[in-house]
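Take a look at the structure below.
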Amino acid sequence: MNYNKKSVEDIDVAGKRVLCRCDFNVPTKDGKITSDKRIVAALPTIQYLVKHGARVILCSHMGKPKNGPDPAFSLQVVAERLSELLGQPVKMAKDVVGESAQSLAASLKDGEVMLLENTRFEKGETKNDPELSKKLASMADIFVNDAFGTAHRAHASTAGVVQYAGLPAVCGYLIQKEISVMGKALADPERPFVAILGGAKVSDKLNVIANLLTKVDTLIIGGGMAYTFLAAKGYSVGKSLLDSEKIDYCREMMATAEKNGVKLLLPVDTTVADHFPDPIDGAIDVKVVDSDKIPDDMEGLDIGPKTMALYADAAKTAKTVVWNGPMGVFENPTLAKGTIAVAQALADSDAISIVGGGDSAAACEQLGFADRITHISTGGGASLEFLEGKELPGIACLMDR
Ligand code: AMP
């Protein structure tokens, strides 16, 4: 995939009606926004468009409304908060492509901003329906995609408006940063290039492992998925999470690593307990054992201290490091040590450090390390597909530079 895409700065937006797909999928409770982080993150692109005299038509989904319009999922709260942050009114449409949206869009003046209702109020959104795509596109002259979190989905508002209606399309600043940092890491990384993968299951990351083995110098595996690799080495893993159908796959991957000259690091020690914590953040008795000595009645729930040092060392000596997935059951303070050690190593490293979204991003933010990481991706699923080397429809549809 070509990651070198035109951005808002490469197209004349003055006086143009610009449909800008944002990620306003903010958490809410009792009708109030509990974190406006995503709205704040969208500001640079919106402010650029306003400053350059575009007529800005914003759109986004929020949550998963199942049966059409539902006040509980209305973007009205977003319009209000955005308007405070922008210091100018944000006109709220009552629908996505209906009369209200169309007439507001037609009446917009240069530098004015409006927001369409939740795109998922339209059934055709997630089906990438050509008719809905055309209706959305009919309100605009240009499409700007700035929602990385949904860029791996071909929906009407993420790709259909280009596929079916041919709107000229560019990226906003958020997507531009995602593709320039991650795209460069994958296409032309500064070496040594180290990837750290964790999380629950090997089967969720099969393609990520295979793709990264063609790119990195060192691949580090932690989290629940490590036990299937340890089993593939012939170790007994007790009651640890095991994807028994994927043991052969892990063996194949170990052989590929050797063939490609990639160092594959697995946990040398592991923190075990006799049961999974219940509740997940409840008190738990643990001990540390070497990875080839996991007792039959014990379950591996985090990497051990020797492994933490080994992984931290690899991260610190890297020039590029990509991390996705926790090293253990990090929801529990006793079992979060491995994940914290990796986050700390990335923060301390001088490398270009990239954290895939989801749990690892949240861990870096909670620990206060976010400003010491080069790039924390705003999309969990999207960043995984990116690491798989897949083409993301919301990015592929944008104009190449
Ligand atoms: P994922 O969604 O694949 O990134 O996995 C995240 C989940 O993996 C978290 O909820 C962790 O609690 C879980 N996890 C990490 N390590 C282990 C482990 N050793 N055993 C069981 N679950 C784990």
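What you see below is based on every heavy atom in this structure, not just the backbone, and it leaves out hydrogens, waters and symmetry mates. Numbering of residues begins at 1 and proceeds along the displayed sequence.
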[X] and [Y] ion-paired at < 4.0 Å:
| X | Y | answer |
| --- | --- | --- |
| K91 | E112 | yes |
| R251 | D248 | yes |
| R81 | D36 | yes |
| D10 | R401 | yes |
| D110 | R55 | yes |
| E365 | K37 | yes |
| K201 | D243 | no |

Main-chain N/O of [Y] paired to [X] side chain as donor or acceptor, under 3.5 Å:
| X | Y | answer |
| --- | --- | --- |
| T339 | F330 | no |
| S349 | A345 | no |
| N260 | L213 | yes |
| D292 | Y235 | no |
| D141 | K16 | no |
| R38 | D23 | no |
| T374 | S353 | yes |
| T320 | E190 | yes |

Would a 4.5 Å heavy-atom cut-off, applied to side chains only, mark [X] and [Y] as touching?
| X | Y | value |
| --- | --- | --- |
| I175 | S7 | no |
| L230 | T270 | no |
| L82 | L43 | yes |
| L19 | L116 | yes |
| D302 | V329 | no |
| V13 | V56 | no |
| T271 | K287 | no |
| F24 | N118 | no |

Please round to the nearest 0.5 Å and tell me the distance separating atom [atom1] of [X] and atom [atom2] of [Y].
| X | Y | atom1 | atom2 | result |
| --- | --- | --- | --- | --- |
| I179 | L186 | CD1 | CG | 12.0 Å |
| L132 | D129 | CG | CG | 5.5 Å |
| K134 | M139 | NZ | CE | 15.0 Å |
| N332 | I280 | CG | CD1 | 7.5 Å |
| N25 | F73 | CG | CZ | 10.0 Å |

Practice prompt. Please assess E125 against S157 for the test side chain to side chain donor-acceptor pair (under 3.5 Å), listing each intermediate value before the final yes or no.
Written response: CA-CA 7 Å; E125 161 72 339; S157 73; 2.6 Å; yes

Side chains of [X] and [Y] only: does a donor on one sit below 3.5 Å from an acceptor on the other?
| X | Y | value |
| --- | --- | --- |
| K390 | H152 | no |
| D146 | T45 | yes |
| S203 | Y249 | no |
| S377 | E178 | yes |
| T307 | D269 | yes |
| R21 | T158 | no |
| S240 | E299 | no |

For [X] and [Y], work out which heavy atoms get closest and say how close.
| X | Y | value |
| --- | --- | --- |
| D274 | M298 | N-SD, 3.5 Å |
| A101 | V96 | CB-O, 3.4 Å |
| A165 | A137 | CB-CB, 3.3 Å |

Worksheet item: Hey, mind stepping through E9 and Y173 against side-chain contact (heavy atoms from CB on, under 4.5 Å) and telling me if it holds?
Response: CA-CA 9 Å; E9 292 183 18; Y173 291 115; 2.5 Å; yes

[X] atom [atom1]: more than 12 heavy-atom contacts under 6.0 Å:
| X | atom1 | value |
| --- | --- | --- |
| D400 | CG | yes |
| K319 | NZ | no |
| Q76 | CD | yes |
| D297 | CG | yes |

Worksheet item: So Q88 and S83, side chain to side chain donor-acceptor pair (under 3.5 Å) or not? Walk me through it.
Response: CA-CA 5 Å; Q88 74 178 80; S83 152; over 6 Å; no

Worksheet entry | side-chain contact (heavy atoms from CB on, under 4.5 Å) between V268 and D290, worked out | CA-CA 6 Å; V268 291; D290 284 345; over 6 Å; no

Discussion item. Could you go through S291 and Y227, starting from their C-alpha distance and side-chain angles, then the distance that decides it, and tell me whether this counts as side chain to side chain donor-acceptor pair (under 3.5 Å)?
Written reply: CA-CA 9 Å; S291 293; Y227 301 100; over 6 Å; no

Discussion item. Against N128, only a single residue in R153, Q163, H155 fulfils side-chain hydrogen bond (donor to acceptor under 3.5 Å, both in side chains); can you say which?
Written reply: Q163

Fill in: Pair Y3 + F386: ring centers closer than 6.0 Å
yes

